[in-house]
Amino acid sequence: MNRGLILQFENLVQLRVACRQLRTLSYRKVYRAQWKPVQSSAHPVWSVLLYPQFWQKDKLISVALLQCRHLLCVPIYVSNSTQKMTVEELARAMGKDIDHIYEALLYTDVDLDSLEPDSVLYEDHIKLIVKKSGMKYKSAKLKEEKERENTDAVKRPPADPAVLTPRPPVVTILGHVDHGKTTLLDSLRKTQVASMEAGGITQHIGAFLVHLPSGEKITFLDTPGHAAFSAMRARGTNVTDIVILVVAAEDGVMQQTIESIQHAKNAGVPLILAINKCDKPEADPERVKKELLAHDVVCEEFGGDVQAVNISALKGENLMVLGEATVALAEMLELKADSTGLVEGTVIESRKDKGKGPVTTAIIQRGTLRKGCVLVAGKTWAKVRFMFDENGKAVDAASPGIPVEIMGWKEVPSAGDEILEVESEQRAHEVVAWRIYVEQQEKMKREMEVIEEKQKEHRMEYEKKQQKLVHLTWRQRKAVLYKANKHLMFSKPKERTEMDKNVLSVIVKGDVDGSVEAILNILDSYDAEDECKLDIIHFGMGDISETDINLAEAFNGVVFGFSVKANDSIKQLAAKKGIKIKLHNIIYKFIEDLKDELNSRLPPSVVENTIGEASVLNIFSVTVGKSKIPVAGCRVQKGLLDKKMKFKLIRNRDVIWKGSLSSLRHHKDDVQVIKTGMDCGLSLDKHIEFIIGDEIICYEEKEVQQTTSWDPGF
């Protein structure tokens with residue numbers, strides 16, 4: 001028999017086998033959709049059965065290798081205890097849709113007609129599906145993490161009243177900005193703190209021990225009065241016993257005065273009213289007392305329990321009366337503390353000193369702090385190396401109620417953190433490790449909630465898309481999705497060639513933790529992202545460093561410093577790299593400079609400046625060549641019409657046209673300018689029919705620098 005006939009016969013046999021397989025699949029259903037005999041991507045060699053020219057061995061190998069190059073090797077982990085999954089679970093684990101699982105199970109012993117999303121697949125079928133999908137199968141035993149033992153440090157139980165001893169009262173001075181709080185402290189402790197403060201405004205909290213002539217001791221906390229430092233004032237009242245509310249006699253109750261009263265009420269702390277600047281002619285102490293009645297601050301002369309003292313902090317008048325009132329109130333409160341056992345306290349302020357390293361100002365509330373004590377605060381710890389009082393003098397011990405500056409911290413704790421003494425450095429490590437672990441667990445929990453929410457959104461979006469394709473077969477759905485996403489497969493990501501001009505990247509450096517906190521709180525109120533995006537790429541304490549300059553260069557940012565310095569080498573490096581360094585000592589100037597930088601990032605807006613207005617009194621047309629040009633007879637009502645400028649046609653308050661004039665005539669002469677009260681004829685650079693009563697506006701466009709709409713609130 002002819003060899004060619006034999007080959008044709010073999011081809012027919014193979015084709016018959018293929019057709020028989022197709023017939024067996026033609027009526028199967030998945031999700032009530034008809035299965036059709038279309039080529040399956042899960043079986044690349046299927047086309048070989050239909051096209052005998054691909055039967056050669058070398059071509060089969062090349063096709064297989066081509067397919068293998070596109071396999072994605074992603075491991076799929078299955079629990080060792082069950083080693084089975086539902087169709088839906090497997091699809092989710094593989095990141096595929098359920099149709100993919102059905103496609104991979106073609107030509108197997110699985111009855112696809114009875115297979116549902118909740119049908120269980122066992123290990124052999126799971127391995128087969130994973131292998132066909134170009135992934136790796138791995139059976140892993142899930143580790144059960146043991147619950148970690150709580151090793152945190154906690155406060156001691158309340159002390160026996162028999163061991164309690166009197167302690168100095170902790171007094172916080174609150175009030176509105178520039179009402180004389182720092183001047184009052186300056187007069188009380190006879191030091192020149194106010195002269196060192198920038199602009200006469202306290203920039204961060206300070207703790208001082210004042211010795212009165214009577215021998216009594218009072219610990220004062222001086223809090224900033226500026227609106228930016230609200231959190232610091234609140235923190236001051238949380239560790240205080242008495243609040244002295246300073247109100248200027250000529251200004252009366254102001255915004256921060258009301259806020260200070262609220263802080264005292266929230267902390268349950270009694271008030272003493274100090275009416276300052278009573279030496280001024282315009283002073284009116286009685287008005288201040290009456291204004292405070294509206295805020296539930298009732299002075300003794302009105303039947304209340306708030307002591308009111310008229311003072312002049314600048315001249316030192318009645319300061320002893322204020323001190324006696326404070327001591328008297330402290331005696332009524334019977335302030336006592338346990339000076340034995342492990343130390344407890346609160347971080348009032350923290351900073352990173354160039355020579356001392358991390359330093360904190362703290363108020364001791366229980367126990368006696370000495371050199372060598374091991375302390376924990378937040379997620380850091382310290383072995384006390386040195387302690388200093390408010391004048392920088394080294395001290396050996398600090399008892400309850402005494403403010404002290406502590407050296408020896410490994411990292412800078414946050415202001416407001418609770419200080420607890422522990423038995424050893426090993427114990428301190430355990431406490432810090434536990435707190436870091438708890439924070440990580442909370443962070444993971446928050447991140448998982450976000451991830452689950454995103455997955456839910458994506459799932460809903462996917463199901464919504466699938467619902468639109470439910471009337472199609474699974475193969476038709478894949479074809480539609482391929483066409484819809486084809487442009488994404490071949491598109492290349494755009495390279496970022498230049499920094500976005502509408503983004504201000506800032507680096508914030510401050511002298512102490514509280515200053516940085518206050519600035520970040522202000523920046524958190526930024527609500528003009530649609531105008532210019534504000535991106536805080538780094539913040540911290542200490543002077544401007546080379547790292548800050550390099551970071552600013554990478555992000556095309558600006559370095560802002562508050563009460564910090566930048567040495568000459570840093571300034572030269574910044575100038576060489578074109579990086580701006582903005583240094584300020586006063587908070588409102590800091591914010592003003594920041595707003596100026598934001599304004600510089602905004603694109604200029606075009607403003608129309610009207611030069612003249614004219615009314616259309618008559619209309620006619622002029623023939624030029626073969627076309628008729630509409631001409632308006634006008635009279636200038638206001639200003640002038642300048643042919644060089646831009647014009648617009650207004651009809652019924654709507655702008656019909658904008659552009660230039662093609663001609664401007666007075667009588668029969670071409671002119672450049674028509675003044676008020678003069679008549680003229682004009683035509684536009686576009687064929688537009690005029691109507692009597694139309695208005696012609698002559699204007700010029702000017703670029704004006706935009707300003708940000710962000711209002712930080714002060």
Side-chain angles (χ1 to χ4, degrees), residues 166-185 187-188 210 212-214 216-223 225 230 233-234 236-336 401:
R167 64 168 177 83
V170 179
V171 179
T172 298
I173 297 184
L174 298 178
H176 191 72
V177 60
D178 201 27
H179 272 202
K181 300 181 304 301
T182 304
T183 307
L184 173 59
L185 273 179
S187 299
L188 286 169
V210 176
L212 298 179
S214 61
E216 300 288 344
K217 295 179 182 179
I218 302 175
T219 296
F220 282 98
L221 301 184
D222 183 22
T223 62
S230 172
R233 286 194 293 278
T237 55
N238 289 334
V239 296
T240 197
D241 303 309
I242 300 169
V243 166
I244 293 180
L245 181 66
V246 179
V247 184
E250 82 278 22
D251 290 339
V253 176
M254 304 291 283
Q255 179 60 41
Q256 275 78 59
T257 309
I258 300 170
E259 183 192 275
S260 300
I261 294 170
Q262 194 60 47
H263 286 322
K265 287 181 178 179
N266 293 341
V269 178
L271 281 171
I272 294 177
L273 176 61
I275 304 176
N276 195 20
K277 303 183 182 181
C278 288
D279 55 314
K280 291 190 175 183
E282 62 271 23
D284 189 357
E286 294 303 317
R287 179 174 67 90
V288 173
K289 296 175 185 177
K290 290 176 182 177
E291 287 179 353
L292 288 171
L293 289 173
H295 305 285
D296 296 329
V297 177
V298 185
C299 298
E300 289 178 337
E301 59 188 90
F302 295 134
D305 57 356
V306 176
Q307 301 179 74
V309 183
N310 297 341
I311 65 170
S312 173
L314 188 63
K315 294 184 177 181
E317 296 177 0
N318 276 350
L319 297 188
M320 292 310 302
V321 177
L322 179 62
E324 290 170 2
T326 305
V327 171
L329 182 57
E331 289 176 353
M332 292 176 60
L333 296 174
E334 297 183 352
L335 301 174
K336 295 182 179 181

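Just so it is clear, the values below take in all heavy atoms, side chains as well, and ignore hydrogens, waters and symmetry mates.
Atom CZ in R287 sits 8.5 Å away from atom CD in E250 (nearest 0.5 Å). Separation of atoms CD (Q256) and CG (L174) is listed at 11.0 Å; rounding is to 0.5 Å. The distance from the CD1 atom of I258 to the CG atom of L245 is 10.5 Å, given to the nearest 0.5 Å.
For the residue pair Q307 and L329, the shortest heavy atom distance occurs at NE2-CB, 4.0 Å. Across A325 and V309, no two heavy atoms sit closer than the pair CB-CG2, 4.4 Å. Summarising the geometry of D241 relative to P168, their closest heavy-atom pair is OD2-O, 4.3 Å, with the distance given to 0.1 Å. Taking both residues in full, the closest heavy atoms of A264 and L271 are given as CB-CD2, 4.0 Å, listed atom of the first, atom of the second, then distance. Between N310 and P285, the closest heavy-atom pair is OD1-CB, 3.8 Å. Minimum heavy-atom separation, T240 to I242: OG1-O, 3.1 Å.
Checked for salt-bridge contact, E286 and K290 miss the test: no charged N lies under 4.0 Å from a carboxylate O.
No donor-acceptor pair under 3.5 Å is formed between the side chain of E291 and the backbone N or O of G252. When atom types are taken as modelled, the side chain of T183 and the backbone of A313 share no donor-acceptor pair closer than 3.5 angstrom.
Two residues are said to be in side-chain contact when any heavy atoms from C-beta on lie closer than 4.5 Å; L333 and P270 meet this criterion. By the 4.5 Å heavy-atom criterion applied to side chains, I261 and L292 are counted as neighbours. Side-chain contact between L319 and L184 is present, with at least one heavy-atom pair separated by less than 4.5 Å.
Remark: of the listed residues D279, N318, V246, I275, N318 is the sole one forming a side chain to side chain contact (heavy atoms under 4.5 Å, CB included) with I311.
More than 12 heavy atoms of other residues, nucleotides or ligands shown are found within 6.0 angstrom of NZ on K265. Under a cut-off of 6.0 angstrom, the local environment of CD in E301 is crowded, with over 12 non-hydrogen atoms contributed by other residues, nucleotides or ligands.
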Checking D305 against V298 for the side chain to side chain contact (heavy atoms under 4.5 Å, CB included) test, could you report, in this order, the C-alpha distance in whole Å, the side-chain angles of both residues, the deciding distance, and whether it holds? CA-CA 7 Å; D305 57 356; V298 185; 5.8 Å; no

Does the side chain to side chain contact (heavy atoms under 4.5 Å, CB included) test come out yes or no for H176 and D251, once each step is laid out? CA-CA 10 Å; H176 191 72; D251 290 339; over 6 Å; no

